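Heads up: the structure comes next, in structure tokens.
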Amino acid sequence: MTDTPLVEASDIARQDPQSKQMLLQPTRFALHAGDRVAITGPSGSGKSVFLRALALLDPLAGGQVAWHGKPVERVTITRYRRNVAYIRQRPAILDGTVEDNLRYPFSLKVYRDVRFDRARAASLAAQAGRGEDFLAKRASELSGGEAQIAALIRVLQLAPEVLLLDEPTASLDPESSHAIEGLVEAWFNAEGQAHASVWVSHDPAQAKRMSERHLTMRAGVLDEAVMMHPSMPYDDNPELAQ
């Protein structure tokens, strides 16, 4: 682990633009290479708000995010999002085939320096227990689990440094959940790569499997006490019963 975090949030905050209610209280957070973090907490506590703020997908009410020690400015935000990928619970899947969806990012300006690698995509599908015919499957025929697998492959093929996973297996069947976890594990353990992840989950067993640090959120506040004591047993925290 290096001294400089991959991603560091300094007092980032989010406010509802209409009600002016604070959705995320000023929060400090650092994510180093090799970190695997889980965040749990009751519904409405601000977990997704925090993750989207960290991904710079929503406007901040205060604070800033740094990447490799440098503040993310307007001119670097696209490159930041390329490397710090947000995976939502219900992915956006385009019409067409799975392969069409996997090819789509390469049509965007930010990815024009790389090319679609069909063999790599098929390999990732195989890791998720899907055959090569998966790439030819129509988006309209995908189950919820298959759509999430396709969305995750679409991100992983682009080699991000950080995954921000917002309950990616919620409402999925056990087989699909296992496939998602397996893909993330393989990505995290890729040789020679400096990766880190934040996984939001309501499942205490999954949070324990997919992390080495555990944080909780309540009313827009990230529990820093847990972050400072990562060896604290999960059973000591009542939020895990949610």
Side-chain angles (χ1 to χ4, degrees), residues 5-32 35-67 71-74 76-92 144 148 151-152 155 160-172 180 184 196-204 206-208 210-211 213-228 230 234 237-242:
L6 293 179
V7 177
E8 185 171 17
S10 301
D11 296 321
I12 61 170
R14 278 279 292 133
Q15 186 178 45
D16 185 283
Q18 290 162 344
S19 69
K20 305 303 181 184
Q21 176 186 355
M22 291 301 294
L23 305 176
L24 176 67
Q25 299 297 330
T27 299
R28 295 188 176 188
F29 175 77
L31 190 68
H32 292 81
D35 277 350
R36 297 175 48 171
V37 179
I39 301 177
T40 60
S43 297
S45 61
K47 303 183 299 297
S48 295
V49 172
F50 168 67
L51 221 57
R52 289 183 59 85
L54 198 62
L56 293 177
L57 294 174
D58 298 322
L60 300 178
Q64 69 175 16
V65 174
W67 178 43
V72 181
E73 307 290 353
R74 184 181 295 273
T76 57
I77 194 167
T78 302
R79 190 158 167 255
Y80 173 77
R81 289 176 181 160
R82 173 175 174 169
N83 287 278
V84 181
Y86 174 80
I87 311 293
R88 64 183 186 177
Q89 181 177 333
R90 294 179 180 84
Q148 188 63 284
L152 183 55
V155 168
E161 288 184 335
V162 175
L163 288 183
L164 305 178
L165 301 123
D166 194 357
E167 297 192 63
T169 63
S171 303
L172 298 189
I180 295 293
V184 173
S197 63
V198 181
W199 191 303
V200 167
S201 180
H202 276 291
D203 180 348
Q206 182 182 71
K208 195 167 187 177
M210 302 306 296
S211 75
R213 292 170 56 196
H214 173 228
L215 311 178
T216 60
M217 287 206 75
R218 180 184 293 277
V221 177
L222 192 66
D223 193 331
E224 299 287 347
V226 175
M227 184 162 63
M228 290 188 293
Y234 276 65
N237 199 307
E239 296 298 345
L240 286 172
Q242 295 292 329

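On a predicted model such as this, the values are computed, not experimentally measured, just so you know.
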When rounded to the nearest 0.5 Å, the distance separating CD of Glu167 from OG of Ser48 is 6.0 Å
All heavy atoms of Ala196 vs all of Leu6, minimum pair found to be CB-CD1, 4.0 Å
dist Ile77:CD1 -> Leu56:CG (nearest 0.5 Å) comes out at 4.5 Å
Query raised in the report: How far apart are the C-alpha atoms of Ile12 and Phe50, what are their side-chain angles, what is the distance that settles it, and do they pass the side chain to side chain contact (heavy atoms under 4.5 Å, CB included) test?
Result: CA-CA 9 Å; Ile12 61 170; Phe50 168 67; 4.1 Å; yes
The side-chain hydrogen bond (donor to acceptor under 3.5 Å, both in side chains) partners of Tyr86 (sequence neighbours excluded) come to Asp166
For residues 80-92, the salt bridge (Lys or Arg N to Asp or Glu O under 4.0 Å) pairs (sequence neighbours left out) are Arg82-Asp113
Which of Leu51, Leu57, Ile87 passes side-chain contact (heavy atoms from CB on, under 4.5 Å) with Leu164? Answer is Leu51
Quiz item: Side chains of Asp11 and Arg28: does their closest heavy-atom pair fall under 4.5 Å?
Solution: yes
Taking every heavy atom of Ala219 against every heavy atom of Gln25, the minimum-distance pair comes out as O-CG, 4.2 Å
Interatomic distance, CG@Leu24 vs CD@Gln15, rounded to 0.5 Å, equals 11.5 Å
(message) Checking Ser197 against Met210 for the side chain to side chain contact (heavy atoms under 4.5 Å, CB included) test, could you report, in this order, the C-alpha distance in whole Å, the side-chain angles of both residues, the deciding distance, and whether it holds?
(response) CA-CA 9 Å; Ser197 63; Met210 302 306 296; over 6 Å; no
TODO: Give a yes or no on whether the backbone of Val84 and the side-chain of Glu161 come within a donor-acceptor separation of less than 3.5 Å.
DONE: no
Across all chains, not counting sequence neighbours, the side-chain hydrogen bond (donor to acceptor under 3.5 Å, both in side chains) partners of Glu8 are none
Heavy atoms, side chains only, cut-off 4.5 Å: are Pro168 and Trp199 in contact?
yes
Side chain to side chain contact (heavy atoms under 4.5 Å, CB included) filter on Thr76, not counting sequence neighbours, yields Val72, Glu73
Across all chains, not counting sequence neighbours, the side-chain hydrogen bond (donor to acceptor under 3.5 Å, both in side chains) partners of Arg79 are none
Separation between CD (Gln148) and CG (Leu172), nearest 0.5 Å, reads 6.0 Å
Tested for side-chain contact (heavy atoms from CB on, under 4.5 Å) against Thr216, the lone hit among Asp223, Ile39, Leu222 is Asp223
Taking every heavy atom of Leu60 against every heavy atom of Ala53, the minimum-distance pair comes out as CD2-CB, 3.8 Å
Could you tell me whether the side chain of Lys47 and the main chain of Pro42 form a donor-acceptor pair under 3.5 Å?
yes
For this session: For the pair Arg14 (side chain) and Pro59 (backbone), establish whether a donor and an acceptor sit closer than 3.5 Å, ignoring hydrogens and angles.
Result: yes
The complete set of side-chain hydrogen bond (donor to acceptor under 3.5 Å, both in side chains) pairs with one or both residues in residues 53-65, sequence neighbours excluded, reads Arg52-Asp58
Taking every heavy atom of Leu54 against every heavy atom of Val65, the minimum-distance pair comes out as O-CG1, 4.3 Å
Here the pair of heavy atoms bringing Ala207 nearest to Ser201 is N-OG, 4.4 Å
Scanning both residues in full, the closest heavy-atom pair of Met217 with Gly46 reads SD-O, 3.5 Å
